[in-house]
Every structure is written in structure tokens, then in C-alpha cells.
Amino acid sequence: MTAPWTPDEMMTVAAARLLWDGCVCFVGIGLPSAAANLARQTHAPDLVLIYESGTLESRPSVLPLSIGDGELAATATSVIPLPEIFSYWLQSGRIDVGFLGAAQIDRFGNLNSTTIGDYHHPRTRLPGAGGAPEIAVHARRTFVVLKQTARTFVPKLDFCTSAGFLTGSGARATTGAPGLGPQVVITDLGVMKPAPDTEELELVSRFEGVTTDQVRSATGWDLRIAERLETVAPPTPDELRILRDLHARTRAAHARRVELPC
Amino acid sequence: MTAPWTPDEMMTVAAARLLWDGCVCFVGIGLPSAAANLARQTHAPDLVLIYESGTLESRPSVLPLSIGDGELAATATSVIPLPEIFSYWLQSGRIDVGFLGAAQIDRFGNLNSTTIGDYHHPRTRLPGAGGAPEIAVHARRTFVVLKQTARTFVPKLDFCTSAGFLTGSGARATTGAPGLGPQVVITDLGVMKPAPDTEELELVSRFEGVTTDQVRSATGWDLRIAERLETVAPPTPDELRILRDLHARTRAAHARRVELPC
Amino acid sequence: MLMDLKDAIAQHVEDGQTLALEGFTHLIPFAAGHEIIRQGRRDLHLIRMTPDLIYDQMIGAGCARALTFSWGGNPGVGSLHRLRDAVEKGWPHPLELHEHSHAGLAAAYTAGASHLPFGMLRGYLGTDLAQVNPDIRSVACPYTGEAIATVPALHPDITILHAQKADRRGNVLLHGIVGAGKEAALAARKLLVTVEEVVEDLGAAPNAIILPHWVVTAISHVPWGAYPSYAQGYYERDNAFYLDWDDIARDRETFLAWLDLHVMHTGDQAAFLRSLARCAAEVP
Amino acid sequence: MLMDLKDAIAQHVEDGQTLALEGFTHLIPFAAGHEIIRQGRRDLHLIRMTPDLIYDQMIGAGCARALTFSWGGNPGVGSLHRLRDAVEKGWPHPLELHEHSHAGLAAAYTAGASHLPFGMLRGYLGTDLAQVNPDIRSVACPYTGEAIATVPALHPDITILHAQKADRRGNVLLHGIVGAGKEAALAARKLLVTVEEVVEDLGAAPNAIILPHWVVTAISHVPWGAYPSYAQGYYERDNAFYLDWDDIARDRETFLAWLDLHVMHTGDQAAFLRSLARCAAEVP
């Protein structure tokens, strides 16, 4: 039986459920924004979304394509200069959850969004750091969202853009980074959390219909599996409907061309 | 014959004349504000007045009592947070003229506005530094305005609040201070400027009716007199009328009690 | 979040705390300062760029142990006599001074709001301030070697502001001259705000200065809460009161009588204003 | 001060300069960037937090020698293919990268605007960025000893912004998402601004973000000057164009044809828009 939802939808729903009402969330574009807005439209209406462009408490009705769509400013409680977002809001420790994506992740939750291959002679030049290095340091906790394949879950990053637990076993704590680091990694197969001692990611739950072998083979290292492996509850009809509505509104909005003045 | 104007009026007029149209002036309360607004209402209509409270290009019609009267904000081109006044506007080198007063000045134009007597056991505790130390450093030039007596023009400051030429003969330049320092000192007796070599203040002009001996005896050190000593032209009828009107409007405004809501 | 000022002060302000009542000439939280005097708080470390009349009153009332400041006068009038009496004669208590320039104190608030351990400025050059304040130090620029002055970050236990408006969710709007109010607010562990109005909708312009609800500890609705300072759009600064204060504060007995009559014997800002109005009617 | 954009660029922008065209998603000065391409400027050191499509175009057109940036993608879409081609294959020129995080670059602009030699942040912890960018260093906090990351101040030769309005005296009003525009403007030696409207009176709210006339070098009236980015209150971001760009820019020939047709063969922003509209009408 095929699940009546896609792995991407399950990933978004699982990420959304991690956010609690009233929490202050620093949101990136794409999946984090979808998850955060799904949460806001379901169980967490007072979720505070902060976008790095400078909008405090945005309440978009469609998902922004960029981090600075007009909708984010028009629905915000306040719009401030970008330097203040990083100094007065992120660095000051006022962010409960930072949401990060990446092109590569290693077993300690360190992230690469800079280059594939050597930095000076990259095979693929990726967009780069953006706000991630400091979100990774200052948000009280980070949630990482990315699709799981052996090419994204790698034994060694080509470039470390944002610190997770570094080499694990308390290495992060010695740097003075105030945030707790990546507390959850959500993929299209399941959910990983750092082990309390080594801080190495271990699979703590998988999505319905996903096997442990499937997750292992989508991981470039020998993935640890938690003793008690849970299964994530499938999306509720409400979650699915609201997420699909959100995506439909978003697709329509993004396809709508601006009428030129000529 | 008694001059038909007061020494204070002459001092204000002489200070006002130093400001040129379009110059960007960091203004303190009291005499500097009177001089700057007189200049704006006479020969320098496009003088830009910046008050440390955060108002850019204020155009008050009465003199503010405080540095932050509502009139200053209401008539400003822009009102910004105070930290930006000091970082983005003063420290950045965007001020042409900084106007300073003081309780004591020494022969090198160093200023005291902190204490009379020992700092830790002061005979008189003065208000303190305010914006002065950084105005003294960063404004392209400063003009100092104060009444001249042997108690204010002292051989040695009780406390150096704001740097003039320090010990003179180029000492200031070695500190890296970007501003040129006190280029003019205007008193109720005349005008002093630093000598090009030693940077010691010397009397370059006196007001009409004032003798050199009078200025000397109001100075706590052996004051140098410029070879060519000028006499400052007396206030024009226009200058006097506009200054008196300004003071009259100001007195009326400051005496007007706010009507309490009860 | 919305609560009576009396309760807000009683609940949050404790003896021995570090307090910043900010507002630069404009929006000075007089009502909150008076309530702190009424409740008899002691040993406070007060922080303000410009102590102004409100700290003159709190110092004279014996609330303060220490003062961090950058300019301590009655603007355009002269001395703060209660501040001077404490510094010069130790009355009613000696007052420990932590003295800065405006630029230095602004940098210290900004560092606090940014959670940096220190702020920096090209400042304090050639002044004696660094000799009397060991907190003024320097770092070497890692690119040019230039010595840059530093100040330690400020983190008041409590910052108290007065603002024009709050909405029912607890968002606070300030406009006009804001001084270092936003930085002082974000540098503090707790933020109390008094406001002229509580409204459904702030009606704020884009990029207006707003302190959002999740950084605000408590809001008290206190019309005229900044008097004799002012709230732009509501009432003007009572410059005449500032001129009068010189005579009131010059003498200890006169000051104590004023404080007793208008602050200690009034229960709130409305009563304080009525008391002043009554007095003005009697002594024209 | 008010002058044709063509003249403003010709008069102020020279080969080899350091240029910051800022605006974060919103208010990106596309028209100015196109005019720089048309005038064939070369060897520019471009600075932008988010290079966006305008720098993709300028890099692909061969204007740039170096890029200081913190995130180089097509937001929500994917790669900037021209940027990638320059970095990965050196086409049309190799591009020297000076790479930061957003927080680092924001600190560098802020330091520039403040005339401090460097900015600081608690940042770059545990990242490899400091290994590939020797400009990322640190200072020891003079109070706690903590190592704080530093970045050198930025001082672009020219910053170019797009804004909603200017008045006849040359005061410029921005509102909505402003990014690091104000800091980039005040950090620069010269400031050029394109605006949607020139008005008698800005009608600005209290505390609105205004760049006053005496810091503005030149203003050009260019309606739709930020398109396909946007100007809040005037037109929306053309997200569909951003999606289209992925196909246009992926291939060198397609890109060059697009650039030739819509930028090189149009004289100004109005002609650019007409050219796009004509093309859209032909290929539905």
C-alpha cells in the first residue's frame, strides 16, 4: 500500500510538530518555512517567526519564495535593519529554535552548505553560509531538515559551514557556543537525535513504511539505531489538508507574474 | 559709552558668524544652540544642526531648554536612536563643527566639565562629559564657547574631560584623533586661536571696548597676544534683533507651564 | 502582562538590583521612578545616560548605592543638587560613580543588547575618564594595531521605559526621540514599560520602533507617566517645572518636603499630578 | 543632485572600484546594475550580502574581478549559474571570493558606517570559513579573555541603493525590508540612489529610515528601478521571473542572448521593461 502522502510532506509535518506554541523560531526559506507556517496554522498559532531579512513575527498566508518577500514585511509586527536581527535577536540568545538545511551533514550534525569538492576548486559551488554559522551557534537549539541520501549524509564534510557537535563527546561545549546545537535532524525517512554521551546522531524514529535498512543505506556512515526505535505517526488529515492548501496557494502566488507598467 | 549690547550677545554673534551655510554642526545646549540657531536665521539658512538626542537637521523656532525638547524632533529631517548619532554620525567623521562649552579651559584648549577639585572628593561636582570627549576627538574642528575669567581660564585643569591639543606642539596629532581640535575659542571678551607651532591659544581679536589688559587679567596664565590683533565687528542691527527675538520667544516658551490633566 | 504599576514594581524591583530607567529627555519614566521611591527600594545601582530629575529624586530619597551615567545635570538649567549632595557630602548616602561619556555608555548598552562582552569606540582619547573608571580599557585592532577604547557590556537586571502605546498582546511602540531606550531594553534581564495608551492596534508605520511582546515583562497603563518629561503626541516637556526644580532640590529640607507631599503622600501618577496642580493653584 | 541614471553611473562609477549594490531581496537596484553593464565597467570588486540575480548578471557580463558576499543563491530557486560558472570554470573571468556569514558581513558594514577599523561578533565558531578567509580574525575581550571574532570594516568606493522616495532637497526615504542598506550607504565614500518617486515632501513617519541629503551623492528617478526585485508600496517581487532566471542563466549562450536583447539593446529601465513585456507577449 502506498502512503497517501509524500515523504516530503511527512518530513514537513514531522518538523512542524516539533515547534511549540509561543516559541521564537528563526526560519530559513524552503522546508523550514513550510514547517514553521504549518505549525502556526495548526497547533501553534502564536509561534513567532523571525526571518533574517529583518521581519519579527511574520504571519505569511503563502510561503515566501525568498527570505524577504513583501508578504513577510507586510504581516510582521516589526521590520528592523538586518544587522539588528543578527546582533539584537540572534546573538543575544533570543531565538528558541533555529531551523537549518544543508547539502551535507556528518555524524555529529556539522553542516556543509558551501562547496562540494575543494573550496578553491569546487566541483559544485553552493550558495554558502548565509545566517547559518551563527544560527548554529546562538539559537538555543537547532533543528536540521534535509533529504537523506548517502551523498548528503557523509562520513566527512567537504567544508564545515556550520558547527554541530564538531567531533562530539562535548567538543562543542568547549567552544563557548551558547546554543545546545542540533537537537533533532528530520529527513524524508525519519528522525535522528544526538546520543547523550558521544553526541553522534542516532536514528530515534522512522516514518511509517520506512525500514531501518533503507535509512542505513541512505547514510554514508554506519548509522547508530536507538534501542527503542519509534515510528512517527502519519500526517493527520488536518495537517495534510492545511499543508497542501498552503503549497497550492504558494504555487499560485509564485506563478503569478507581475504586470509590467508598459 | 556703553555698548548697546551685552557681552553675552557679542559672544553669541561672534560664534554664529563662524558657521557657514551648509555646514554640519553638532550642537550642545545653551550658548552653542543659540549661536547655531542665530546663524541659521541669518547668514546660514542651510546650516545642518545635529543634536545628540538623535535629531538630524533640526529647525527649532525657539531654543530648546534640553537637548531633547519635542521641537527638535518635530522639526527634524530624521530622528534616530542615540547610539547611531555617536557611531554613524560623529565617529564616522560626518560633523564639520562641534560646539563645546566647559567649566575650565587650559592654554592648549583642553576642557574640564567634570569636577572642580579632586575627582574623588570634589569641591564642585559638575555634570560631566556627555558627548564632549568624542566630539572633541571626531568633529573636524571644534569651537569652544565660555565666559572668560581667571577661574575658567586656568593654568592646570582639575580634570581633563575633553582633549584639546593636550600638551601642544603636535601632541594631539600623535594620538590619532581625526579631528583638528579646538580651532577657535570664543569668550565674552574676544576670540582665541591656537598658534600654528605650539598650539597654545593666543588672542587674535577682542570685542569692541575690551582692552588687552582686561583679557589678560581674565586669564589664569600669561596669555599670548597675536601680533596683529583684530577687533570684532559689533553685532549688526539684524543680528541683534534676530537674537533678541529668539531669546524672547524662548523665554516665553520656557515659562509656559504645561497644563496638567486635572 | 498588563498590570498596575504598583504591582509591577512590587513584583519585579528588588533592593540591590541594577536598574536602568532610560529615555533621553523624552519618555523618561517618572511615574515608575516615583513608585520605586514610594516602595522604599534601597541599594539600587542606577544606570542612565542622563540622570535627570528622576534620578535626582531617587538619589535624594535614598534609593541608590551606585550610579552609572554620562551626564548628570538639569539640562539647560544647571546642577542636579541631590546628585551633587550625594557625591560631594555623602547625603543621604555616599554614591559610587561609574562615569562614562555618552558614546561610551551608548556602546555599553549596544553591547549588552547584542550579547557581546564589550562595546568599542574610537573614544576617551586624551581624557582623564579612563583614569577614574577602570572599566574603560582598550583592544588592539587585529588588522591595523590601533588601540580602540572598550567598555564592558551593560546588563541591567531591569530596564524601565515609558512609551506612547502598547497593544493588548503586549507590543510596545515608541516614537520621537528614543535615546538608547531600545538598546537598554534589549540589554536587560527584565523589561517593564509604562504607556500613555493601551490600544487594539498600534497603527505603527513600517519600520516603527517596536518592542515586541515576547521581550516585555510587564506593561502598566500610566497616562502622563513621563511628566514632567514628555511623550510626543500627548503632552510637552514642562520646561517650567525643570526650571523650578533648581530651587526645590537645592536645599535638603525643601526637597524632602516636596518629596513627602507630592510623591510619598500620593498613591499614583494621577494623584501626583493632582497634588502638583493643587500646589500651583495655592502658590501662583 | 538629481540626475539621469546614465550620467550618475558615467560620472561616478569607474573600473576597478569597490561597489556595493545593496538591498536585501527588497529594493535591489537592478536598473543601476544594468546601466553599469551597459557602460561596460570592468574589474569591479562587488560587495553584497546576497549577490542575487543582479550580480549574477554583472558577473556573467564580465564586470567583476572579486566578490565579497555571504550567500550566493537564487533565493528559493537554487543556484546563481553565472556566479557558479565564474567560480567553478573561470568564465568569463575568474572571480576572487571574500566569503562571510550574514552576521559577519553585517558587522563589517556596521563597522564601516561607524568608522571603526573592525566589527566583531560571537561568530564563525567551528566553521571552516575562517580558514579560507584570512580577514576573519579575533580579539581577546579585555574583561573576560574570551576570543571574539572580527571582520575588517567595509568602505565601498560607492554604495548604490534603490529607495521608495526622495524629496527635492535630496533626502531619501526607505521603508519595509531594508537589509543592511543604511549601513552600506553610510560606510561608502559615495552614495548613489535610484528612487521610485521624487516628491515635494517625504511625508515620513517619526523615526522613518531616511538618508539625509548631505550624505547622498546623486539621486536618479527610476520608476520600477528595483524590478524584478520589488519596492514595497509600488510593485511586488516578480517571483515568476526569479523562477525563470534559472533556465535563462544556466546556459552561457542563453544568458548572453538575454543580456544582449534586454539589457545591452535597451537604453534604460523603461526600455528594459518594454523589452521584457514584448518578449512575454511573443512567447506565452
Side-chain angles (χ1 to χ4, degrees), chain A residues 19-27 36 40 44-59 68-98 131 134-135 137-140 175-179, chain C residues 1 22 106-120 153-156 159 161 163-175 178 180-191 193 199-217 219:
Chain A
L19 299 171
W20 60 96
D21 205 17
C23 107
V24 178
C25 186
F26 201 106
V27 200
R40 200 172 57 78
D46 288 332
L47 183 63
V48 174
L49 305 188
I50 295 186
Y51 286 82
E52 69 191 13
S53 54
T55 67
L56 299 178
E57 203 175 22
S58 286
R59 304 173 194 84
D69 282 24
E71 169 101 346
L72 297 178
T75 63
T77 294
S78 179
V79 182
I80 63 176
L82 183 139
E84 293 187 11
I85 281 285
F86 285 95
S87 54
Y88 291 175
W89 295 92
L90 177 62
Q91 185 170 268
S92 63
R94 295 185 181 278
I95 303 296
D96 294 318
V97 176
E134 283 75 30
I135 295 172
V137 166
H138 293 288
R140 274 182 215 136
T175 64
Chain C
M1 172 172 307
E22 268 300 337
Y109 273 134
T110 303
S114 308
H115 194 51
L116 287 168
F118 66 98
M120 58 179 175
L154 282 172
H155 289 289
T159 285
L161 300 183
Q164 275 98 345
K165 291 183 195 177
D167 67 21
R168 305 229 168 253
R169 302 189 61 214
N171 298 303
V172 172
L173 173 70
L174 296 83
H175 61 80
V178 292
K182 184 167 70 170
E183 289 70 22
L186 296 177
R189 295 182 178 88
K190 290 184 181 179
L191 172 60
V193 186
V199 296
E200 288 306 319
D201 183 349
L202 292 177
N207 310 105
I209 298 171
I210 288 173
L211 295 163
H213 58 90
W214 67 94
V215 302
V216 181
T217 310
I219 295 173

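Residue numbers begin at 1 in each chain, while the letters A, B, ... track the order of the sequences.
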- [ ] Quick one: closest heavy-atom pair of C:Ala113 and A:Ser92, and the distance?
- [x] O-CB, 3.3 Å
TODO: Would you give the length of the straight line joining atom CD of A:Glu84 to atom NZ of C:Lys182, rounded to the nearest 0.5 angstrom?
DONE: 3.5 Å
Task: Partner residues of C:Ala163 under the side chain to side chain contact (heavy atoms under 4.5 Å, CB included) criterion, sequence neighbours left out - done: C:Val172, C:Leu174, C:Val193, C:Val195
Task: Sorted by number, residues from residues 208-216 of chain C in contact with chain A (heavy atoms, under 4.5 Å) - done: C:Ala208, C:Ile210, C:Pro212, C:His213, C:Trp214, C:Val215
Task: Side chain A:Gln91, main chain C:His115, donor-acceptor under 3.5 Å - done: no
Open item on the list: Under the rule for salt bridge (charged side-chain N to carboxylate O under 4.0 Å, His left out), what residues qualify as partners of C:Asp167, not counting sequence neighbours?
Closed with: none
- [ ] Tell me, please, which residues at least two apart from A:Glu57 pass salt bridge (charged side-chain N to carboxylate O under 4.0 Å, His left out).
- [x] A:Arg59, C:Arg169
- [ ] Could you grab the distance from atom CG of C:Asn171 to atom OG of A:Ser78, nearest 0.5 Å is fine?
- [x] 8.5 Å
